[in-house]
Number of protein chains: 2
Amino acid sequence: MPETYEELKLENQLCFPLYACAKEVVRQYRKPLEEFNLTYTQYIVMLILWEYGDMSEGQLGEKIHLESGTLAPLLKRLEKSGYISRSREKNNERRLAISLTKEGLALKEKIRQVPEKIHGCIPLPDEDLILLRALLNKVLDKMNNKEKEID
Amino acid sequence: MPETYEELKLENQLCFPLYACAKEVVRQYRKPLEEFNLTYTQYIVMLILWEYGDMSEGQLGEKIHLESGTLAPLLKRLEKSGYISRSREKNNERRLAISLTKEGLALKEKIRQVPEKIHGCIPLPDEDLILLRALLNKVLDKMNNKEKEID
DNA sequence: CTCCATATTATTGCGCACAATTATATCGTG
DNA sequence: CACGATATAATTGTGCGCAATAATATGGAG
């Protein structure tokens with residue numbers, strides 16, 4: 001009986017399409033974000049701040065699934081770009097308060113066209129996109145809950 | 001009429017769950033791959049070589065969606081680990097031939113348990129996983145074809 | 001109040017990712 | 001053959017991502 005190693009084939013794994021797809025989508029965002037001087041990850045940070053308001057670095061890290069090793073320098077760059085300000089919280093000087101600047105808030109209006117542009121680049125009917133999004137959100141939800149159970 | 005910026009909410013976008021999910025999955029792979037001295041991307045390279053056989057750096061790059069800027073140093077590290085060898089093709093010295101070593105081939109047998117382990121970490125019923133995989137592969141397929149149309 | 005444990009962020013080191021550039025080999029045309 | 005165009009890979013510079021560690025602030029027990 002020949003050995004086919006089915007479980008190692010790319011087509012039969014989730015890891016590769018997820019990896020490749022994520023990279024492709026990030027690539028699509030590069031150009032439209034360029035004019036705003038934002039990287040993809042910085043853009044996600046801005047989305048979070050717009051939606052949930054100012055918060056500490058740690059809270060931000062939880063939402064975006066990033067540690068301070070990545071977030072700390074990234075936030076410094078966002079501050080340099082003028083979109084956020086970094087300051088210690090008065091009540092607890094360990095915490096770093098991340099606040100939107102006036103420019104950061106104003107960006108929200110200017111950048112609205114971007115998701116629309118990207119949407120046009122992803123070659124799948126809307127119903128498939130909705131399904132895909134739902135499945136991915138489901139995985140994230142369950143993974144988040146799993147982590148909390150361990151605590 | 002209040003402005004809700006629906007199109008900028010995380011839940012309504014594909015980009016964020018895709019980004020976060022991909023990161024989480026890569027994270028799951030880190031530990032099981034550690035004992036083989038492989039990173040996630042190196043693991044994908046090995047999967048490609050096992051499935052399709054030896055090829056040039058450029059061909060590999062097409063399959064994994066990576067440029068030489070990433071691939072060149074990564075392949076040097078894989079060579080250092082003993083899993084592949086790098087040599088110029090006789091017929092065309094511009095091309096870098098990537099071949100599996102004996103250790104690289106042997107690894108295939110040892111590593112078979114890994115996908116199984118990961119599968120257990122992704123908290124979704126099998127039918128959802130199959131659907132998710134199919135949707136992601138569909139996006140990749142269409143994006144690949146789109147690129148080719150441009151040429 | 002002191003001291004130790006904990007919380008929070010920053011730093012360092014390594015590897016991935018990519019754009020831009022450089023280096024080298026090959027190919028085609030005169 | 002010579003020379004410019006193209007193909008292929010390597011290098012450089014910047015930023016993301018993470019583990020490990022360091023630095024600083026807070027809180028609690030005695």
Side-chain angles (χ1 to χ4, degrees), chain A residues 15-16 18-31 33-34 36-46 55-62 64-81 84 86-98 151, chain B residues 15-16 18-31 33-34 36-46 55-62 64-81 84 86-98 151:
Chain A
C15 71
F16 177 70
L18 195 54
Y19 161 83
C21 239
K23 263 195 316 174
E24 289 298 331
V25 170
V26 171
R27 206 158 62 88
Q28 300 286 337
Y29 272 91
R30 199 173 310 273
K31 264 217 185 99
L33 291 179
E34 211 165 48
F36 304 110
N37 195 29
L38 282 179
T39 66
Y40 181 76
T41 308
Q42 289 168 13
Y43 169 68
I44 304 271
V45 166
M46 296 303 290
M55 61 182 80
S56 75
E57 177 182 320
Q59 292 171 310
L60 193 51
E62 257 184 53
I64 198 178
H65 302 242
L66 283 177
E67 313 279 317
S68 90
T70 305
L71 217 38
L74 184 150
L75 291 172
K76 283 184 187 173
R77 284 186 286 268
L78 269 180
E79 185 181 44
K80 211 169 168 185
S81 297
I84 65 163
R86 299 160 61 253
S87 61
R88 293 290 166 177
E89 286 184 10
K90 284 193 263 341
N91 297 341
N92 187 340
E93 299 242 333
R94 286 172 302 188
R95 286 166 150 256
L96 188 72
I98 308 299
D151 294 344
Chain B
C15 70
F16 177 68
L18 195 55
Y19 161 82
C21 241
K23 264 194 316 172
E24 289 298 330
V25 169
V26 172
R27 207 158 62 90
Q28 301 286 338
Y29 272 91
R30 200 174 310 272
K31 264 218 186 95
L33 291 178
E34 211 165 49
F36 304 109
N37 196 27
L38 283 179
T39 66
Y40 181 76
T41 308
Q42 289 168 14
Y43 170 68
I44 304 270
V45 167
M46 296 303 290
M55 60 183 80
S56 74
E57 177 182 320
Q59 292 170 310
L60 194 52
E62 257 185 54
I64 197 178
H65 302 241
L66 283 177
E67 314 279 316
S68 89
T70 305
L71 219 38
L74 184 150
L75 291 172
K76 284 184 188 174
R77 284 186 285 270
L78 269 180
E79 185 181 44
K80 213 169 167 186
S81 298
I84 66 164
R86 299 160 61 254
S87 61
R88 294 289 166 179
E89 286 184 10
K90 283 192 263 341
N91 296 342
N92 188 341
E93 298 244 332
R94 287 173 301 188
R95 287 166 150 260
L96 188 70
I98 308 299
D151 294 344

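Computed from a predicted model, the values in this text were never measured in an experiment. Side chains are part of it too, since the values below use all heavy atoms of this structure and drop only hydrogens, waters and symmetry mates. Convention: sequence-line order gives letters A, B, ...; per-chain numbering from 1.
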Give the rounded distance in Å between these two atoms: [atom1] of [X] and [atom2] of [N].
| X | N | atom1 | atom2 | result |
| --- | --- | --- | --- | --- |
| A/L66 | D/dA19 | CG | P | 11 Å |
| B/K80 | C/dG15 | NZ | C1' | 12 Å |
| B/Y40 | D/dA19 | OH | P | 16 Å |
| B/L33 | C/dG15 | CG | P | 15 Å |
| A/Y29 | C/dC18 | OH | C1' | 19 Å |
| A/K23 | C/dC18 | NZ | P | 5 Å |
| B/L38 | C/dC14 | CG | C1' | 16 Å |
| A/H65 | D/dG17 | NE2 | P | 12 Å |

Rounded to the nearest 0.5 Å, how far apart are [atom1] of [X] and [atom2] of [Y]?
| X | Y | atom1 | atom2 | value |
| --- | --- | --- | --- | --- |
| B/E57 | B/I98 | CD | CD1 | 6.0 Å |
| B/I44 | B/L60 | CD1 | CG | 11.0 Å |
| B/E24 | A/L18 | CD | CG | 10.5 Å |

Check your understanding: Does B/Y40 use its side chain to pair, donor to acceptor, with the backbone of A/C15 at less than 3.5 Å?
Key ->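 Yes; at least one donor-acceptor contact below 3.5 Å.
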
Considering residues at least two apart in sequence or located in another chain, which fulfil the side-chain hydrogen bond (donor to acceptor under 3.5 Å, both in side chains) criterion with [X]?
| X | value |
| --- | --- |
| A/Q59 | A/S56 |
| B/R94 | B/N92 |
| A/E89 | none |

Check your understanding: Within the structure, does a side-chain N or O atom of A/Y19 lie under 4.0 Å from either OP1 or OP2 of C/dA17?
Key ->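 Yes, because at least one side-chain N or O of A/Y19 sits under 4.0 Å from OP1 or OP2 of C/dA17.
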
Check your understanding: Taking OP1 and OP2 of C/dA17, is either one under 4.0 Å from a side-chain nitrogen or oxygen of B/T41?
Key ->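 B/T41 to C/dA17 OP1/OP2: side-chain N or O found under 4.0 Å.
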
Exercise for review: Please work out if B/E67 contacts a base, only the sugar-phosphate, or nothing of the nucleic acid, heavy-atom cut-off 4.0 Å.
Suggested key: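 Since no nucleic acid heavy atom lies under 4.0 Å of B/E67, the category is nothing.
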
**Study point:** Minimum side-chain heavy-atom gap A/T70-A/T41 below 4.5 Å
**Key:**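 No; the side chains remain at least 4.5 Å from each other.
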
Listed pairs, N/O of protein and of nucleotides 2-4 of chain C, under 3.5 Å:
none

Study note, to complete from the structure: Per-nucleotide protein contact along nucleotides 8-13 of chain C, 5' to 3', at a 4.0 Å heavy-atom cut-off (B base, S sugar-phosphate only, - neither), is SSBB--

Check your understanding: Of all residues at least two apart in sequence or in a different chain, which pass the ring-ring contact (aromatic ring centres under 6.0 Å, His included) check with B/Y43?
Key ->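 Listed in chain order: B/Y29.
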
